[in-house]
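Report on one structure; see the data block that follows.
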Amino acid sequence: MASVKDFSVEEKLVNLLKLQKIDSKLDEIQILKGELPMEVSDLEDEIQGLQSRQTRIEEELNGITEFIEGKKAAMKESEALIAKYEKQSENVKNNREFEAINKEIEMQQLEIKLCEKHIRDANEELADKVKALEAAKKQIAVKDGVLNHKKGELEKIIADTEKEETHFRKQSTEARGHIDERLLYSYDRIRKSYRNGLSVVPVERDACGGCFNSIPPQRQSEIRLHKKIIVCENCGRILVDADLNDSVEIK
């Protein structure tokens, strides 16, 4: 088998054309998938973000609930102290002791009112957090539904095209082995420059098959001779004649 450097210009053109047709088949498969792979990835990221938000809200809810329970316990302590001071007030010996006990009772009553206010505020915050949690759960459920639908579509396309894609990827790797590095670099660079991925195009109706710029008759004659690799002066794509293009088939 000839090494890459031993191929004639015509053989190089055939190999480039074969690679182009194989890669175009792979491009068609990617077009079938469309934006689905990106959409699936974006949805997975979005759901992960929503789940993190749900976890954060649940932690905040637990914190608020613990805060409320703490305030309720503090109220019970204050109520117990008030009962204790009221009992002590029955046995006071002078006004000074009576006033001191009353002051303690008033302080505990104020503490109870402060706890009640904290509990009211916390309950309002709790209600808001519960609504936010429900909204997050609904969003996750909706996004999950969309994700499952899109995953199903993508998995069907992958299942339908997997054999064909594997076949053409193998052919693409083999075809690349018959093209020298310099040409392959140019081929890949041109492919990346255009959305349709066409690096090698035939001359059709006296024009470049890529950009449709007119090709002069003398230039077309040179292309048909297969003596050198000729590129379109307008778009830089590699040009081949229609006969050579038709002669190269892939299966």
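We use all heavy atoms of the structure for the numbers below, so side chains are in, but hydrogens, waters and symmetry mates are not.
Criterion: ILVMFWY side-chain heavy atoms under 4.5 Å apart, direct or through other members. Under it, Val146 and Val40 are part of a common hydrophobic cluster. A chain of hydrophobic side-chain contacts below 4.5 Å, direct or via other Ile, Leu, Val, Met, Phe, Trp or Tyr residues, connects Leu13 to Val231. Hydrophobic clustering, with ILVMFWY side chains joined whenever heavy atoms are under 4.5 angstrom apart, groups Val14 together with Ile190. In this structure, Val248 is not a member of the same hydrophobic cluster as Ile22, with clusters built from ILVMFWY side-chain heavy atoms closer than 4.5 Å. The hydrophobic cluster containing Tyr85 also contains Phe98, counting ILVMFWY residues as joined when their side-chain heavy atoms lie under 4.5 angstrom apart, directly or transitively.
Chaining together hydrophobic side chains whose heavy atoms lie under 4.5 Å apart leaves Val142 on its own. Clustering of Ile, Leu, Val, Met, Phe, Trp and Tyr by side-chain heavy atoms under 4.5 Å joins Leu198 with Val201, Val203, Ile215, Ile223, Ile230, Leu239.
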(request) Carefully, step by step, assess Tyr185 and Arg189 under the rule side-chain contact (heavy atoms from CB on, under 4.5 Å). (result) CA-CA 6 Å; Tyr185 173 80; Arg189 179 179 54 79; 4.3 Å; yes
(request) Any chance you could lay out the side chain to side chain donor-acceptor pair (under 3.5 Å) test for Gln54 and Glu58, step after step, and finish with the verdict? (result) CA-CA 6 Å; Gln54 178 182 332; Glu58 286 171 344; 3.2 Å; yes
(message) Assess the residue pair Lys25 and Ile250 against the criterion (side-chain contact (heavy atoms from CB on, under 4.5 Å)); give the C-alpha distance rounded to whole Å, side-chain angles, the decisive distance to 0.1 Å, and a yes or no.
(response) CA-CA 9 Å; Lys25 286 288 186 183; Ile250 57 167; 3.6 Å; yes
(request) Start with the C-alpha distance between Asn213 and Glu233, add both sets of side-chain angles, then the distance that settles side chain to side chain donor-acceptor pair (under 3.5 Å), and finish with yes or no. (result) CA-CA 9 Å; Asn213 193 55; Glu233 293 179 355; over 6 Å; no
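Counting heavy atoms from C-beta outward, Arg169 and Glu164 have side chains that stay 4.5 Å or more apart. Taking the side chain as every heavy atom from C-beta outward, Gln220 and Asp241 never approach each other to under 4.5 Å. Residues Leu114 and Leu110 fail the side-chain proximity criterion, which asks for heavy atoms closer than 4.5 Å. For the pair Arg176/Asp23, a side-chain contact is recorded, criterion being any heavy-atom separation below 4.5 Å from C-beta on. Between His178 and Glu11, every side-chain heavy-atom pair lies at or beyond the 4.5 Å cut-off. Lys227 places none of its side-chain heavy atoms less than 4.5 Å from the side chain of Val9. Using a 4.5 Å heavy-atom cutoff, the side chains of Tyr194 and Cys211 are not in contact. With a 4.5 Å cut-off on side-chain heavy atoms, Lys151 and Leu36 do not count as touching.
Here the closest heavy-atom approach between residue Cys115 and residue Met75 is recorded as CB-CG, 3.3 Å. Of all heavy-atom pairs spanning Ala122 and Phe67, the tightest one is CB-CD2, 3.9 Å. Minimum interatomic distance between Arg53 and Ala136 (heavy atoms only, all atoms of both residues): NH1-CB, 4.1 Å. Taking all atoms of both residues into account, the shortest heavy-atom contact from Pro202 to Ala242 is CB-CA, 4.5 Å.
For the pair His167 (side chain) and Lys251 (backbone), a donor-acceptor distance under 3.5 Å is present. The backbone N or O of Val200 sits less than 3.5 Å from a side-chain atom of Gln20, completing a donor-acceptor pair. Although no hydrogens or angles enter the test, the distance criterion places no donor-acceptor pair under 3.5 Å between the side chain of Glu249 and the main chain of Lys18. Judged by distance alone, with hydrogens and angles left aside, the side-chain atoms of Ser247 form a donor-acceptor pair with the main-chain N or O of Leu244 at under 3.5 Å. Distance alone, capped at 3.5 Å, is enough to place a donor-acceptor pair between the Asn148 side chain and the Asp144 backbone. A donor-acceptor distance shorter than 3.5 angstrom exists from the side chain of Lys21 to the backbone of Asn245, with no hydrogens or angles considered. Ser41 contributes no side-chain N or O that, together with a main-chain N or O of Pro37, makes up a donor-acceptor pair within less than 3.5 Å. Formation of a donor-acceptor pair under 3.5 Å by the Ser172 side chain with backbone atoms of Phe168 is not found in this model.
Of the charged side-chain nitrogens involved, at least one lies within less than 4.0 Å of a carboxylate oxygen, so that Glu222 and Arg219 count as a salt-bridged pair.
Here the straight-line distance linking atom CD1 of Ile229 with atom CZ of Arg182 works out to 6.5 Å at 0.5 Å rounding. Distance check, rounded to the nearest 0.5 Å: OG of Ser24 to CD1 of Ile31 gives 9.0 Å. Distance check: Phe212 CZ to Asn234 CG gives 11.5 Å after rounding to the nearest 0.5 Å. To the nearest 0.5 angstrom, Ile29 atom CD1 is 8.5 Å from Thr166 atom OG1. Taking NZ of Lys72 as the start and CD of Glu116 as the end, the distance is 11.5 Å to the nearest 0.5 Å. The distance from atom CD1 of Ile47 to atom CG of Leu147, rounded to the nearest 0.5 Å, is 4.5 Å.
The number of heavy atoms from other shown groups lying within 6.0 Å of CG (Asp45) is above 12.
Pairs of residues two or more places apart, or lying in two chains, never qualify as salt bridge (charged side-chain N to carboxylate O under 4.0 Å, His left out) while including a residue from residues 75-99. Residue pairs meeting the salt bridge (charged side-chain N to carboxylate O under 4.0 Å, His left out) criterion with at least one member in residues 120-141, sequence neighbours excluded: Glu60-Lys129, Lys117-Asp121. Annotation: side-chain hydrogen bond (donor to acceptor under 3.5 Å, both in side chains) contacts involving residues 105-114, sequence neighbours excluded, comprise Ser78-Gln108. Within the structure, side-chain hydrogen bond (donor to acceptor under 3.5 Å, both in side chains) pairs that include any residue of residues 27-37 comprise Asp27-Arg191, Gln30-Glu165, Lys33-Glu165 (at least two apart or interchain).
A side-chain contact (heavy atoms from CB on, under 4.5 Å) with Leu183 is found for one member of Leu19, Leu16, Asp188, Asn15 and no other, namely Leu16.
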